[in-house]
**Q** 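I am attaching a structure below and will ask some questions about it afterwards.
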Amino acid sequence: YEEKTVAFRFAEIAKETVAALLPEGDVTEEELTYRIIRLWSELHGVVSLNNSRGIKEFGVDFHRFAGRVTEEILNSF
């Protein structure tokens, strides 16, 4: 239950933040929802890669790239 509450709170904060970054009146509710799902998915991917043993076994130091990847995700908004 607590995990779901935290996840939904993240979605609410993300929605408010993304809406504030976009030009007023230019984005529909559907587009805003799409952008939140995209943001959530991309950031989840960063976390998953960081936690993955596979990426380490592949010989990649993910921490060298995590900041850049995250920055590019956030700048796409």
**Q** Which residues pass the side chain to side chain donor-acceptor pair (under 3.5 Å) test with Glu72, sequence neighbours left out?
**A**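 Side chain to side chain donor-acceptor pair (under 3.5 Å) list for Glu72, sorted by chain: Arg68.
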**Q** Hey, could you give me the CZ/OG distance between Phe58 and Ser52, rounded to the nearest 0.5 Å?
**A**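 Between Phe58 CZ and Ser52 OG, I get 11.0 Å after rounding to 0.5 Å.
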**Q** Nearest 0.5 angstrom please: His44 NE2 to Leu39 CG, how far?
**A**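 These two atoms lie 12.5 Å from each other.
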**Q** Would Asn50 and His63 count as a side chain to side chain contact (heavy atoms under 4.5 Å, CB included) here? Give the steps.
**A** CA-CA 7 Å; Asn50 181 61; His63 290 104; 3.0 Å; yes
**Q** Determine, using the 4.5 Å side-chain heavy-atom cutoff (strictly less than), whether Leu49 and Val60 are members of one ILVMFWY cluster.
**A**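 Yes, same cluster.
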**Q** Using the rule that Ile, Leu, Val, Met, Phe, Trp and Tyr join whenever any side-chain heavy atoms are under 4.5 Å apart, tell me whether Phe65 and Ile73 fall into a single cluster.
**A**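 Yes.
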**Q** Atom CD1 in Ile55, atom CG in Asp61: separation rounded to 0.5 Å?
**A**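 These two atoms lie 10.0 Å from each other.
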**Q** For residues 6-21, pull every pair meeting salt bridge (Lys or Arg N to Asp or Glu O under 4.0 Å), keeping only residues two or more places apart or in separate chains.
**A**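 Listed once each, the pairs are Arg9-Glu12, Lys15-Glu29.
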**Q** Tell me whether Ile36 shares a hydrophobic cluster with Ile13, the cluster being built from Ile, Leu, Val, Met, Phe, Trp, Tyr side chains joined at under 4.5 Å.
**A**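 Ile36 does not cluster with Ile13.
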**Q** Hey, could you give me the CD/OG distance between Glu71 and Ser76, rounded to the nearest 0.5 Å?
**A**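 It comes to 11.5 Å.
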**Q** Would you kindly confirm whether Leu74 and Val18 end up in one hydrophobic cluster when ILVMFWY residues are joined by side chain heavy atoms under 4.5 Å apart?
**A**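 Yes, one cluster joins them.
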**Q** Would you say Glu42 and Val69 make side-chain contact, with heavy atoms under 4.5 Å?
**A**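 A side-chain contact is absent here, since even the closest heavy-atom pair is not under 4.5 Å.
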**Q** Count the heavy atoms of every other residue, nucleotide or ligand shown that sit under 6.0 Å from OH of Tyr34, and state whether that count exceeds 12.
**A**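 Check fails, neighbour count at 12 or below.
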**Q** Could I get the full list of side-chain contact (heavy atoms from CB on, under 4.5 Å) partners for Thr28, not counting sequence neighbours?
**A**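 For Thr28, the residues satisfying side-chain contact (heavy atoms from CB on, under 4.5 Å) (neighbours in sequence not counted) are Glu30, Glu31.
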**Q** Do Leu22 and Arg35 touch side chain to side chain, with heavy atoms closer than 4.5 Å?
**A**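 Yes; the side chains approach each other to less than 4.5 Å.
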